Amino acid sequence: MTTTSLATAADRAPAQSFDHRALLYRAPEQLTERAAAFVTEALDAGQPVLVALPAPAAEPLRDRLGPAADRAGWVDMTVLGRNPGRILSALHGFAERHPGRAPHIVEEAVRPGHDSARVREAIRHEALLNLAFEGRTASLLCAYDASALPSRVLDRVRRTHPLLAAGDGRPGAQDRSPHYTDPLRICADCDTELPPPPGTAELLPYTSGDLSAVRARADRWAEESGLGPRRRTDFVLAVCEATTNSVRHGGGAGTLRLWAGDGAVRAEVRDGGLLGDPLAGRKRPDPLSPSGGRGLWMIHELCDFVELRNTPDGLQLRMAMSLDGPPA
Amino acid sequence: MGGVSEGTCSAAPGAYPCSGMHTSVVYATDDAWATRVSACVRRGIERDERLLYFAHRTPPETVFATLADRGIDVAAARRRGQLSVRTAQESYLAELPFDPDTVIRQWHTATREALEAGFTGLRAMGEMDWYGAGVPGAERLLEYELRMHREAFDLLPLAAMCLYDRRLLPDRDVALLEAAHLSRIREPGERLHPPVLAVTPLADRPGLGLTGELNADSRAALAGALATLRHGSDGDEVDLTSLVHIDAAATAGLAAVALRTPARRLTVRGAPPSLLRTIDLFPELGAALEVPSR
């Protein structure tokens, strides 16, 4: 394989534990080259491979890999990464489906042009990967466009990846990131105060006994706001799971706010709960578990964007759904 | 098994429906109670059925006196062992917690005894206000009311009138329990808000119909429905055509019922979009249920 020569020694080393490295590339061809080497090496070693790249980056990689591409799993990050809060579940699920092996994953969660909120949640996702995969044998190559992403984003990349793989033409350069930071510290840094909802937001306080009325109002409001039937189902289902969590785990009551703007509808649930586990909702739960745990994961899957904050007053969960998003 | 005791139902044992067998009466005055009870007793005497009245708060002598006032020959009926009044405490609440399995068995025994005594069947009336009295096991009353259709009324020459006094029970409880009856009598002017979730036996096939919403506010009603389905059999149907919304916990509850028994089919008809989306996210739930498109 010609591509293997492009992999660094460390790239080729069998993953003995969680190997999480950032690839800071400066040209798309570099991403293709390095990713192809990474994938080929893993496939040749008989390891399971998942490629989670946006379609424009995935296509040249497929071409480069040729027939071998079919031996890898492919996920369009444009769809999966719309809400960074659901990427981890997809990657973790892939690893879970291959017990006893060394899954190899290529991903690109942040692209130039993503807004700051989405970048923040993608960075949180990268930090949480270090917790979720701790002790697991797996290898992740996370690509970042160093030519276009702002330096403040690249600084965060160096803080969330234990390893840095050079993609800037310096063959063999690979090293531990000197800036790597405790994932919980990163999460705390990401817990920025959310901009307040507009004063015109619809306000619906609720408690036990009000769930049906809140659902009906949210459904009507979403319809009036222009959300199509299928995405409205998703939005309302997410709101229902969130308000149910308030009643059952968040002190028995909460407040729902609904507002629209910037091409999206938004719902915010606030209640007296606190989220103790930063990985809550980021691994696919057993839907039949009597202890529940479905709601937050479903919310991440259903919504285009989710932000969660522990505040001095309790939990703040904000969900957004684009008006022009995919139909399901 | 002998003939059934209600003229409107001629179904063979094991066949649905026998909707006239199990009637709820919702009332709020002593006069309405007396009218319904005396009419029921009169019909039973006409059909030569044994009559059992289960009192909870009403003293037995008051029941007898009321029936006599309404022109029923109480003394004659009592002499021939046709009419008796027992308290719930000395009958189906004698052993607590209230257990639907035990009470359903008691109905089979009592009906057999009525037949052995030469009557054509058994007709019962029961005051249901014990539901709100903190009786252990009372939370299983909905399950009991629902299961009775298939496990008793469908099999026995048995009819029952369940008496729900709005002065003694919260409306939400009355509305929930009333919905479990296929035959319902409400006195004129007795209006009730529908419960968040109404669970009703299907009239023409084994299974349940669910109306309203399945969420954390209707979890108790769901528990009754699921317990009933657990006692059902392969091919049971859950009709959700009138269900507006079902949350993920409830969808998981339905799937868990089907998964309890290997290869058991539980058909979910008229699934709302929320259920379809939930099984899209959790295919293992969808695999446990048969979900024809709405």
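Proteins get letters first, then strands, A, B, ... in listed order; numbering begins at 1 in each. Values reported hereafter were calculated over all heavy atoms of this structure, with side chains retained and with hydrogens, waters and symmetry mates removed. Values in this document were obtained by computation on a predicted structure and should not be read as measured data.
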Atom CG of A:Asp262 with >12 non-hydrogen neighbours under 6.0 angstrom: no
What part of B:Leu285 gets within 4.5 angstrom of chain A, counting heavy atoms only: side chain, backbone, both, or neither? side chain
A:Ser212 versus B:Val196, closest heavy-atom pair with distance: OG-CG1, 3.5 Å
Does B:Leu281 reach the side chain of A:Trp297, with side-chain heavy atoms less than 4.5 Å apart? yes
Counting only heavy atoms not in B:Arg172, do more than 12 fall under 6.0 Å of its CZ? no
Does a side-chain heavy-atom distance below 4.5 Å link B:Val244 with A:Arg215? yes
Do the side chain of B:Asp247 and the main chain of A:Glu241 share a donor and acceptor less than 3.5 angstrom apart? no
Flag if over 12 foreign heavy atoms under 6.0 Å of CD, A:Glu96: yes
Would you mind checking which part of A:Thr233 comes under 4.5 Å of any heavy atom in chain B, side chain (CB onward), backbone (N, CA, C, O), both or neither? side chain
Residue pair A:Thr244, B:Asn215: steps toward the side chain to side chain donor-acceptor pair (under 3.5 Å) verdict: CA-CA 8 Å; A:Thr244 298; B:Asn215 58 32; over 6 Å; no
Do A:Leu211 and B:Glu213 have side chains that approach each other closer than 4.5 Å (heavy atoms only, starting at C-beta)? no
For atom CZ of B:Arg167, decide whether the heavy atoms of other residues, nucleotides or ligands shown that lie under 6.0 angstrom number more than 12. yes
Locate the shortest heavy-atom distance separating A:Leu288 from B:Ala255; write the atom from each residue and the value. CD2-CB, 4.4 Å
Give, as side chain, backbone, both or neither, the part of B:Ile246 having an atom under 4.5 angstrom from any heavy atom of chain A. backbone
Counting only heavy atoms not in B:Arg260 (residues, nucleotides, ligands), do more than 12 fall under 6.0 Å from its CZ? no
What is the distance from atom CG of A:Leu237 to atom CG of B:Leu276, rounded to the nearest 0.5 Å? 11.0 Å
Contacting region of A:Pro229 [heavy-atom separation from chain B under 4.5 Å]: neither
Non-hydrogen atoms of B:Ala252 and A:Pro287 that approach each other most closely: CB-O, 3.3 Å
For A:Asp219, is it the side chain, the backbone, both, or neither that has a heavy atom closer than 4.5 Å to a heavy atom of chain B? neither
Using a strict cut-off of less than 4.0 Å between a Lys/Arg side-chain nitrogen and an Asp/Glu carboxylate oxygen, indicate whether B:Glu284 and A:Arg284 qualify as a salt bridge. yes
